[in-house]
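So the structure is just underneath, and the comments pick up after that.
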Amino acid sequence: MLVFIVRRVIISFFILLAATFVMYLLTANSGNPLGDLQESRAPNREALIEARIRLLNLDTPAPLRYFIWLKGAAGCLVPFALECDLGQSIQGQDVSALLGVAFTQTLQLVVAATVLAMILGITVGIVTALRQYSGLDYTVTFSAFLFFSLPIFWVAVLLKEYGAIRFNDWLADPTVPITVAVVLGAISALFWMIVIAGDRNRRITTFVAAFVASAGALWLLSETQWFADPGLGVVVIAVTAVGLAFLTTAVVAGFTYRNVLYSALASAAVGIVCHFALGPVLDDPSSLTILLLALVTVGVGVGIGYALGGLQRRQAIQAAVFTGLGTGALLFLDRLLGAWDSYSDRVNGRVIATIGARTPNFEGTFWEEGLDRATHLVLPTIAIVLISFATYTRYTRSSMLEVLNQDYVRTARSKGLAERGVIVKHAFRNAMIPITTLMAFDFAGVLSGAVITENVFGWTGLGRLFTDSLRAVDPNPVMGFFLIAGTAAVVFNMLADIAYAFLDPRIRLS
Amino acid sequence: MSNPTTPDPGPVPAADAATDAQGMTVVARTQAQMVRRRFFRHRAAMGGLIALVLIVLLAFSSIGFASVPGWWDKDYFSIATVENGGRPTLSVVPTWLGGSGMHLGEHPFGQDNVGKDYFALTMRGVQQSLTIAFIVGLVGTVIGTLIGATAGYFRGRIEAVLMRFTDVMITIPLLVVAAVLGRRYGDSGIVVLGLVIGLVTWTGLARLVRGEFLSLREKEFVEAARAAGTSARRIIVKHMLPNIVGVIIVAATLAIAAAILLEAALSFLGFGVQDPDTSLGKLISTYQTAFSTRPWLFWFPGVFIIAIALSVNFIGDGLRDAFDPRQNRVRD
């Protein structure tokens, strides 16, 4: 194993080296770096051209210029000892500094979106595999194909128009007309009918129940002006937390043994108590406080599970921790929405933003700033999730179907194991093995920035840095960008191989 | 599946009339016939195929191509006066439903801000995008197959060199290298653009083909061909490639679907098709800011991109099912 890793690292290093060379030549030859100056009418044109030639060493042929760049970049391999010099951009800015700023922006943009896409895609993929050839399966398959064929920039423009501009207009007078409530209720009812399925009676019951619930809820929310000042309130939090407790228990252990359910419920109860108890602490906390609270939540969850778990201690701890974190997230969301009113006033009602990562010069409480980030993130996140969601659903579905046809799944069923155990323990774990590769690739791609999304939504992340520099035929920032993207690709590729061998003992590394 | 496990040797003898009456007659079909049959029964794929053919016919017959004139009386470069704010005159709601009747009108897709006929522009965009995607798919498939087959068949040093080269190319994200190439070759015309992008999209297929070849070359029939003194070229082309033609065709189809979106993305970023020519991605890029005032400039090219990509993806899915009966979704 160790030999394999060392060999892989060495090979990967040389591959990356060769790739940077190719990339440098391509970029350097992609256009005329002096184009804008040669067309300019500035009186000191000659001097400017001369200065740029000197700055970018343009009098050296591109292959040799690569080695100048490499010499500087080699310093990055030995942190602290040598100076990390990735050259300067066409404007004379230090590329390392540019990269640092862009990288943080990209991370903020893509990490949450990718994780969300993974969770959603895998969940939906499993459900469709369990309901093969059902209405749900066909609907999801068709949607996956549709999302797969959507140009992300096209979706992004639509999102900006309908998700932000029109939505903000609507927020000025947030009432849902009764016809809209009926139509949305019908759509939601159809959705639930397809998801829950069953025989005709059950379908009709589901449809009616979902219709009444959704249309009624919309009407109620509209009447009480909820959209003008949204929030969850303690009742919603309590009901959702209890629901969450049942859900985690169902997934983690099932309801055969009550200890697990009791631990999860206790965890949810503690969360609800905290809603009242933590009032003053949460008025304007720092990020550190939130992090500490999350850690405390995990600790309390472990404690509850340990105390109440009995023979199912491990599952009880898992259920309690997940329920606790979920309830914590609900409380967080509630507080965030609590800042909605004051935030909306401060940005003149344009709550959902279309451009950038933050409102310029915006300062407020922790919750207001958090809401500011969230409202800037929501549209690009939807755009990214839509596209990668499709891939995950398709892969998970086919992988899960393949596993469900295996002999060991039939054995598990025939020995009388409950369906939950078969799915969660025997099928799911094995179905996830091929998905790890996909995840690794996806994360590698994500780190190189969402080139198109960043351009459409005006985020100054890595992808934007790349396109802007490429337009100016500016090789150093492009190479800096590629260094991150390429390293991520190589490293995650390797991690995928190692993880694969670790998860599937049949694969031997050699 | 009711595929014949043992092919019937000839016409059904009269003695089999009993089984025939039960509808259990076994008809001999060749591999190609079975694939075709499965494909034609795949409803989504057939829908995709019909939609794609219609789009291609519409795009190439309406405004014509090269020097062949089309039936549409306007072209995509003439500037005219903007009538009625450039609104589309296309109407599909019949009069008895309260619409204005079904007619095309003067400018079915409207006009852009200098009065160019937007239908002609969109059709031109479809032509360009399809051409680029087709060239990219073709070039990528040919190169990928060649490299994968050579590496998988010869193994040894050739394989090491080729696969390391593939690894190097795979390290560079596709959009990135395509953008760099598009920046350089975008104004050299769409054929050149398609060719250079095709030069970098073969990596996945090369790995796939190599993998298939690694297992195929150990099979007895290859051994036999080699023992008979067949040349390496002939073994690869005549004996081995036909065995994985399904994999290659499926990959080629999906590559074309991906290339449509790639071209659109590049043109959107400004690294693809350049003025004065146009493509679907470029149209969207040009008119994205006009969305709130003249949304049709944005909708029509977008709908065509999605329609093309979706139909090609469906065709690819149908082909995969047709070539790989294990993952069958259509019964036959």
Side-chain angles (χ1 to χ4, degrees), chain A residues 11-12 14-23 25-27 29-31 132-133 138 141-142 144-146 148-158 160-161 165-166 387 394 398 401-402 444-445 448-449 451-452 455-456 463 466-467 470-471 473 478 481-482 485-490 493, chain B residues 44 48 164-177 179-186 200 254 257-258 260-271 280-281 284-285 287-289 291-292 295 298-299 301-303 305-314 316-317 326-327 329:
Chain A
I11 293 179
S12 306
F14 283 103
I15 285 176
L16 191 60
L17 204 64
T20 51
F21 184 65
V22 173
M23 191 69 191
L25 289 193
L26 285 176
T27 316
N29 291 320
S30 67
Q132 201 188 3
Y133 304 138
Y138 286 123
T141 304
F142 181 79
F145 269 100
L146 185 65
F148 211 67
S149 315
L150 285 178
I152 192 167
F153 51 88
W154 195 74
V155 180
V157 175
L158 282 187
K160 273 178 162 183
E161 180 68 20
I165 300 174
R166 304 262 171 108
I387 309 289
R394 296 297 296 160
S398 64
L401 280 179
E402 200 169 318
S448 55
V451 176
I452 299 167
N455 267 285
V456 184
F466 164 70
T467 44
L470 183 61
R471 234 168 250 135
V473 200
V478 173
F481 159 80
F482 175 64
T487 314
V490 166
N493 232 324
Chain B
R164 285 299 93 79
F165 180 56
T166 313
D167 285 344
V168 170
M169 295 307 293
I170 248 174
T171 310
I172 312 179
L174 183 58
L175 183 65
V176 170
V177 66
V180 174
L181 288 172
R183 172 82 178 75
R184 171 81 178 77
Y185 296 101
V200 292
L254 298 179
I260 294 264
L261 294 179
L262 180 66
E263 183 277 324
L266 286 185
S267 300
F268 180 78
L269 292 173
F271 300 127
L280 293 177
I284 295 181
S285 168
Y287 298 116
Q288 59 164 327
T289 47
F291 185 63
S292 42
F298 174 83
W299 280 109
V303 167
I305 292 184
I306 296 173
I308 295 172
L310 195 59
S311 7
V312 179
N313 270 326
F314 272 133
D317 191 49
R326 278 170 306 167
Q327 302 193 339
R329 267 199 275 140

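By convention in this document, chain letters (A, B, ...) are assigned in the order of the sequence lines, proteins followed by strands, and residues within each chain are numbered from 1.
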Against chain B, label F148(A) side chain, backbone, both or neither, depending on which of its atoms sit under 4.5 Å from a heavy atom there.
both
In terms of heavy-atom contacts, R394(A) and A144(A) come closest through CD-CB, 3.8 Å
Considering only heavy atoms, which portion of L310(B) lies under 4.5 Å from any heavy atom of chain A: side chain, backbone, both, or neither?
both
For the pair S285(B) (side chain) and G281(B) (backbone), establish whether a donor and an acceptor sit closer than 3.5 Å, ignoring hydrogens and angles.
no
Could you tell me which non-hydrogen atom of S149(A) sits nearest to which non-hydrogen atom of N313(B), and how far apart they are?
OG-ND2, 3.1 Å
If one checks every heavy atom of A265(B) against chain A at 4.5 Å, the contacting part turns out to be both
Looking at F21(A), F482(A), F142(A), F14(A), which one has more heavy-atom pairs under 4.5 Å with chain B than the rest?
F482(A)
Which heavy atom in A485(A) sits nearest to a heavy atom in P173(B), and how many Å separate them?
CB-CG, 4.1 Å
Using a cut-off of under 4.5 Å for heavy-atom pairs, which of S30(A), A19(A), G31(A) has the most such pairs with chain B?
S30(A)
Ranked by heavy-atom pairs below 4.5 Å to chain B, first place among L26(A), L146(A), L470(A) goes to L470(A)
Please look at A489(A) and chain B and tell me whether the side chain, the backbone, both or neither of the residue comes under 4.5 angstrom of a heavy atom of that chain.
side chain
Heavy-atom pairs under 4.5 Å with chain B, option from I15(A), T27(A), V490(A), I152(A) with the top count
I15(A)
V177(B), part contacting chain A, at a heavy-atom distance under 4.5 Å
side chain
Show the nearest heavy-atom pair for residues R183(B) and R471(A), with the distance to one decimal.
NH2-O, 3.0 Å
In terms of heavy-atom proximity below 4.5 Å to chain B, should V456(A) be classed as side chain, backbone, both, or neither?
side chain
For L16(A) and G486(A), the nearest pair of non-hydrogen atoms, with its separation, is CD1-C, 3.5 Å
Would you mind checking which part of R166(A) comes under 4.5 Å of any heavy atom in chain B, side chain (CB onward), backbone (N, CA, C, O), both or neither?
neither
How would you list, by chain and number, every residue that makes a side-chain hydrogen bond (donor to acceptor under 3.5 Å, both in side chains) with T467(A), sequence neighbours excluded?
N455(A)
Given that the side chain runs from C-beta out, which part of I308(B) has a heavy atom under 4.5 Å from chain A: side chain, backbone, both or neither?
neither
Among all residues two or more places apart in sequence or in another chain, which pass the ring pair (Phe, Tyr, Trp, His ring centres under 6.0 Å) test with Y185(B)?
none
For F298(B) and W154(A), take the angle between the two ring planes, folded into 0 to 90°, and tell me which bin it lands in: parallel under 30, tilted 30 to 60, perpendicular over 60.
parallel
Region of L401(A) in contact with chain B, defined by heavy-atom distances below 4.5 Å:
neither
If we define contacts as heavy-atom pairs under 4.5 Å, which of I305(B), D167(B), L280(B), L269(B) has the most with chain A?
L269(B)
